[in-house]
Each structure stands twice: as C-alpha cells, then as structure tokens.
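Starting from 1, each residue takes its place in the sequence as its number. Atoms considered below: every heavy atom in the structure, side chains included; atoms not considered: hydrogens, waters and symmetry mates.
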Amino acid sequence: MLHLLPRQYRYVDFRQLYMLKDKYPRVYEHLSKRLESNWETTVKLLEKGQREHVLRDFSIPVFKTIYESTLEHFLSAPF
C-alpha cells in the first residue's frame with residue numbers, strides 16, 4: 001500500500017522534480033505539497049489496523065514524516 005502511487009502520478013519522473021527545486025522553487029513547492037497531501041486513505045487504513053490490533057500502536061504523524069523524508073531523500077539521490 002505504501003509504495004503505490006495514485007494513477008495521476010504514474011508518469012511523473014520524480015527524479016526530475018528535484019531539478020525544479022533550484023530553477024523554479026515556487027513550482028517545486030506547489031508540487032511537493034500536492035504530493036504530500038494524498039495521505040487521507042492511507043492514514044485511515046493505518047488507524048483501522050491499529051484499532052483492530054492488526055498493527056501495533058505507533059504515532060502515525062511521526063511515521064508519515066519519516067516515510068516522506070525517506071522517499072524525498074531516495075528520490076533526490078543521484079544514481
């Protein structure tokens with residue numbers, strides 16, 4: 001569930017996003033916020049898993065921050 005992207009992002013080359021960061025910071029900021037805002041369904045599933053004791057209790061906001069930071073670091077790394 002966490003490694004799947006919504007269909008509208010299927011053809012986005014995320015490596016190219018980081019080129020925007022230097023040349024077009026406002027565009028980059030807008031896209032970055034947009035990509036970070038589609039967590040509602042995932043958060044609901046994580047909360048349901050915790051309620052049903054399928055998942056241990058953990059801080060979902062902390063998990064979300066760690067996960068987003070990891071993805072951002074991975075996608076911005078030169079390969």
Side-chain angles (χ1 to χ4, degrees):
M1 167 183 74
L2 292 172
H3 72 279
L4 298 176
L5 289 172
R7 286 186 185 150
Q8 66 263 33
Y9 301 128
R10 184 181 343 187
Y11 300 109
V12 174
D13 184 352
F14 288 96
R15 294 169 297 181
Q16 300 296 321
L17 277 180
Y18 291 94
M19 289 183 182
L20 290 175
K21 194 173 191 176
D22 295 328
K23 292 185 178 185
Y24 305 101
R26 289 177 55 189
V27 173
Y28 172 81
E29 184 66 29
H30 177 74
L31 283 171
S32 182
K33 284 182 182 178
R34 187 83 173 111
L35 290 171
E36 293 172 4
S37 67
N38 290 324
W39 277 86
E40 294 82 17
T41 303
T42 303
V43 168
K44 286 178 185 177
L45 286 171
L46 293 171
E47 290 171 343
K48 181 180 179 188
Q50 288 180 340
R51 275 194 313 277
E52 295 176 358
H53 303 289
V54 175
L55 298 174
R56 295 181 191 168
D57 285 337
F58 60 91
S59 171
I60 293 173
V62 170
F63 170 78
K64 181 178 173 276
T65 300
I66 292 169
Y67 191 79
E68 287 175 342
S69 297
T70 302
L71 280 178
E72 185 173 333
H73 178 74
F74 176 73
L75 292 172
S76 67
F79 290 104

Please round to the nearest 0.5 Å and tell me the distance separating atom OG1 of Thr42 and atom CD1 of Ile60.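 Between atom OG1 of Thr42 and atom CD1 of Ile60 there are 10.0 Å.
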Test side chain to side chain contact (heavy atoms under 4.5 Å, CB included) applied to Arg51 - qualifying residues, sequence neighbours left out: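 For Arg51 the side chain to side chain contact (heavy atoms under 4.5 Å, CB included) partners, ignoring immediate neighbours, are Glu47, Lys48.
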Hydrophobic clusters here meaning ILVMFWY residues chained together by side-chain heavy-atom distances under 4.5 Å, can you tell me if Phe58 and Tyr67 are in one?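 Yes: a chain of side-chain contacts under 4.5 Å links Phe58 to Tyr67.
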Is there a path from Ile66 to Val43 through hydrophobic residues (I, L, V, M, F, W, Y) whose side chains come within less than 4.5 Å of each other?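 No, because Ile66 and Val43 fall into different hydrophobic clusters, even though each may have its own neighbours under 4.5 Å.
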Between Glu68 and Lys64, is there a salt bridge with N-O shorter than 4.0 Å?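 Glu68 and Lys64: salt-bridged.
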